[in-house]
Amino acid sequence: MAIYEYQCAECGAAFQARRAMKDADAPITCPDCGSFQAKRGLSRFFSATSGGGNSGVSTSGGGGCASCSGHSCASCGGH
Ligand SMILES: [Zn+2]
């Protein structure tokens, strides 16, 4: 099961519904107006990493950290 976002084409209400993946695009009723015109919207989940600009990425640009060229020393933390 996953949570999907929908927006009603009739009244514009946005709502979320928890559905099986196979039902994600199946028709769903708007809880506000009862219309069947709700369409699945863009999912927002896990999008918080975009635009944060504060993820602690090193400036060396090569992966790895300053003290190694691989990704395996203690300060790399395994990324
Ligand atoms: Zn509606």
Side-chain angles (χ1 to χ4, degrees):
M1 299 288 272
I3 295 177
Y4 298 97
E5 295 194 352
Y6 299 87
Q7 184 163 29
C8 177
E10 291 288 324
C11 70
F15 59 98
Q16 295 180 331
R18 187 172 182 167
R19 317 181 82 186
M21 207 172 292
K22 66 181 173 59
D23 293 331
D25 290 317
I28 188 168
T29 307
C30 171
D32 277 7
C33 70
S35 163
F36 288 97
Q37 300 299 314
K39 295 276 176 54
R40 187 151 70 101
L42 291 177
S43 171
R44 284 193 308 234
F45 48 129
F46 307 129
S47 64
T49 54
S50 67
N54 191 24
S55 53
V57 175
S58 144
T59 56
S60 60
C65 67
S67 56
C68 74
S69 54
H71 306 155
S72 54
C73 77
S75 11
C76 288
H79 63 122

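Atoms considered below: every heavy atom in the structure, side chains included; atoms not considered: hydrogens, waters and symmetry mates. Nothing fancy with the numbering, it's 1 onward along the sequence. These numbers come from a predicted model, not from an experiment.
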Practice prompt. Please confirm whether the backbone N or O of A26 pairs with a side-chain atom of R19, one donor and one acceptor, at under 3.5 Å?
Written response: yes
Practice prompt. Would you confirm whether Q7, through its side chain, and K39, through its main-chain N or O, come within 3.5 Å as a donor-acceptor pair?
Written response: no
Discussion item. Using side-chain heavy atoms (C-beta onward) and a distance below 4.5 Å, is M21 in contact with Y4?
Written reply: yes
Discussion item. According to a hydrophobic-cluster definition based on side-chain heavy atoms being under 4.5 Å apart (Ile, Leu, Val, Met, Phe, Trp, Tyr only), do M1 and I28 belong together?
Written reply: no
Discussion item. I need the T29 OG1 to F15 CZ distance, nearest 0.5 Å.
Written reply: 7.5 Å
Worksheet entry | Distance in Å, Q16 CD paired with Y6 OH, rounded so as to fall on 0.5 Å steps | 10.5 Å
